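Just below is one structure, and these are the notes that go with it.
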Amino acid sequence: MEKHLLKMADLTQQDITDILNLADQLKYDRQHGIPHRLLEGQTLGMIFQKSSTRTRVSFETGMYQLGGNALFLSSRDLQIGRGEPVEDTARVLSRYLDGIMIRTFEQAEVESLAQYGTIPIINGLTDYCHPCQVLADLMTIREYKGQFDGLKMAYIGDGNNMANSLIVGGLTAGMSVSVACPDDYRPHADVLEFAKAYGDKFTLTTSPEKAAENADAVFTDVWASMGQEGEAEKRRIAFKGYQVNDSVMAAAKPDAMVQHCLPAHRGEEITAEVFEAHANEIFDEAENRLHAQKAVMVKLMQKK
Ligand code: CP
Ligand code: NVA
């Protein structure tokens, strides 16, 4: 495994299997009261330039459960918010911390932290991708379905950070992936290029029903991501019809699961009925953020 987790493409199929196996073990330990203080005495810095409920709480709690400590560093309070270069921040924080999780806008900022720092960097969401979320999603699919081979993942909605990471993660794990999005909101060109190597295991369409056909897991995400609040009205029009509803679910396999990274907007990308019918899977997915990220931290930060 590489030294950092900057995007899903940093992981091989074997890396994903190793992370998920450890995550399953850590989840088992937690459910049985077995301590696992694998990062005793270590400190994770958590830089947030955007809001968060799940990422912040799961990383902070996870670090505590691993015997370490986590620092919440809002960009509003850091000198980075007043213009101190990320290159300098990386070199300073590397002298104090054992790892950094960062949530920000530009993927380039995360790459710079990794380039200039000397400690592991974990991407906690950028406009480009959300690898921690997708590891939790893969963990949940494996829990429910037992394996990835022969499964079909469908994603309906914006070709955003979640779409980008799901495509790369789903294909790398061994699933086929089908995405439905409006032509003007396609996934990132790099991701479409990545998917080309998988031939007909990847399909891109404008039809939600077609994408969902025979799917084993149906994903969606918000129409307007963090930072796009000003486009919300325009996007409500562009994404009309890109909704996980009964008609989309009727196209999927009868036992298809539904996943949503949350927060969800009922009545927009998903109906309240479909959300509630699949709430167990969706909140298992949210819980698995904790276990999957603990596994990532152990893999990247545990002193050999
Ligand atoms: N899914 C997710 O990353 O949630 P938060 O924005 O609450 O961290
Ligand atoms: N696409 C969403 C995901 C939130 C977890 C966003 O970036 O806001």
Side-chain angles (χ1 to χ4, degrees), residues 5-8 23 44-63 70 72-75 100-107 109-110 122-141 155-170 179-182 185-188 191 217-232 234-236 238-239 242-244 258-266 268-270 275 278-279 281-294 296-297:
L5 177 58
L6 307 182
K7 55 187 187 305
M8 273 320 278
L44 177 80
M46 308 187 299
I47 302 176
F48 281 95
Q49 308 234 29
K50 292 176 174 171
S51 304
S52 171
T53 296
R54 282 144 288 270
T55 305
R56 185 208 167 153
V57 178
S58 55
F59 266 105
E60 188 162 340
T61 313
M63 202 53 196
F72 175 69
L73 305 168
S74 161
S75 59
I100 296 176
M101 190 286 303
I102 176 167
R103 165 168 288 196
T104 189
F105 295 88
E106 298 285 330
Q107 179 71 13
E109 195 176 339
V110 180
I122 301 170
N123 184 337
L125 180 146
T126 59
D127 292 346
Y128 176 64
C129 65
H130 198 0
C132 291
Q133 178 68 53
V134 168
L135 285 169
D137 299 347
L138 293 174
M139 178 177 176
T140 315
I141 292 175
Y155 175 89
I156 318 293
D158 188 16
N160 61 12
N161 43 14
M162 277 304 301
N164 290 336
S165 287
L166 282 168
I167 293 167
V168 176
V179 171
C181 61
Y185 295 92
R186 289 185 167 180
H188 196 282
V191 170
V218 179
F219 284 77
T220 188
D221 186 20
V222 290
W223 291 343
S225 286
M226 289 182 277
Q228 299 171 335
E229 290 78 6
E231 295 177 25
K234 178 179 144 203
R235 284 171 168 269
R236 258 194 286 278
F239 287 101
Y242 288 85
Q243 183 187 61
V244 175
V258 172
Q259 296 277 269
H260 194 309
C261 63
L262 303 175
H265 292 73
R266 293 164 175 80
E268 293 193 1
E269 76 275 3
I270 190 165
F275 186 94
H278 294 272
E281 295 145 26
I282 292 170
F283 292 106
D284 280 343
E285 174 190 16
E287 176 186 334
N288 285 340
R289 294 291 303 277
L290 172 70
H291 311 298
Q293 288 159 195
K294 283 168 71 179
V296 169
M297 290 192 285

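Just so you know, ligand 1 is whichever comes first in the structure, and atom 1 is the first atom listed for that ligand. Values in this document were obtained by computation on a predicted structure and should not be read as measured data.
Checked against a 3.5 angstrom limit, the closest N/O atoms of Cys261 and ligand 1 fall inside it. Considering both main-chain and side-chain atoms, Lys50 never comes within under 3.5 Å of ligand 2 through any nitrogen or oxygen pair. Any N or O atom pair closer than 3.5 Å counts here, and His130 shares no such pair with ligand 2. The shortest N or O to N or O distance between Leu262 and ligand 1 is under 3.5 Å. In terms of polar-atom proximity, Arg56 is not counted as a contact of ligand 1, lacking any N or O under 3.5 Å from an N or O of the ligand.
Short contacts between ligand 2 and Met226, defined as distances under 4.0 Å to a heavy atom of the residue, involve ligand atoms 6 (C), 7 (O), 8 (O). Heavy-atom contacts of His130 reach the following atoms of ligand 1: 2 (C), 3 (O) (cutoff under 4.0 Å). Residue-ligand proximity, Leu262 to ligand 2, at heavy-atom distances under 4.0 Å covers atoms 5 (C). Numbered from 1 in the order shown, with element, the atoms of ligand 2 that lie under 4.0 Å from a heavy atom of Asn160 read 1 (N).
In this structure, atom 2 (C) of ligand 1 lies nearest to the protein heavy atom Arg289 NH1, 3.2 Å. The nearest heavy-atom contact from the protein to atom 3 (C) of ligand 2 is Asp221 OD2, 3.6 Å. From the protein, the heavy atom lying nearest to atom 7 (O) of ligand 1 is Thr53 N, 2.6 Å. In terms of protein heavy-atom proximity, atom 6 (O) of ligand 1 is nearest to Arg103 NH1, 2.8 Å. Looking only at heavy atoms of the protein, atom 4 (O) of ligand 1 is closest to Arg54 NE, 2.8 Å. For atom 7 (O) of ligand 2, the nearest non-hydrogen atom of the protein is Asn161 ND2, 2.8 Å.
At least one donor-acceptor pair closer than 3.5 Å links the side chain of Glu285 to the backbone N or O of His260. Put simply, the side chain of Asn164 gets close to the backbone of Tyr128: a donor and an acceptor are under 3.5 Å apart.
The residue Leu125 has no part lying near ligand 1, judged by heavy-atom distances below 4.0 Å. Under 4.0 angstrom from ligand 1, there are no non-hydrogen atoms of Lys50. Only side-chain heavy atoms of Leu125 come within less than 4.0 Å of ligand 2; its backbone N, CA, C and O stay farther off.
Ring pair Tyr185/Phe239 is tilted by interplanar angle, where 30° to 60° counts as tilted.
The two atoms that bring Ala238 and Pro182 nearest to each other are O-CG, 3.6 Å, heavy atoms only. Nearest approach of Asn123 to Cys129, heavy atoms of both residues: ND2-SG, 3.4 Å. Pairing each heavy atom of Ser58 with each of Arg289, the nearest pair is OG-CB, 4.0 Å. Residue Glu229 comes nearest to Met226 through the heavy atom pair OE2-CA, 3.5 Å, listed as atom of the first residue, atom of the second, then distance. Scanning both residues, Ile167 and Pro187, for their nearest heavy atoms gives CD1-CG, 3.6 Å. Taking both residues in full, the closest heavy atoms of Leu44 and Met297 are given as CD2-SD, 3.8 Å, listed atom of the first, atom of the second, then distance.
A donor-acceptor contact closer than 3.5 angstrom is absent between the side chains of Asp127 and Gln228. The closest side-chain donor-acceptor pair between Asn160 and Tyr155 falls under 3.5 angstrom.
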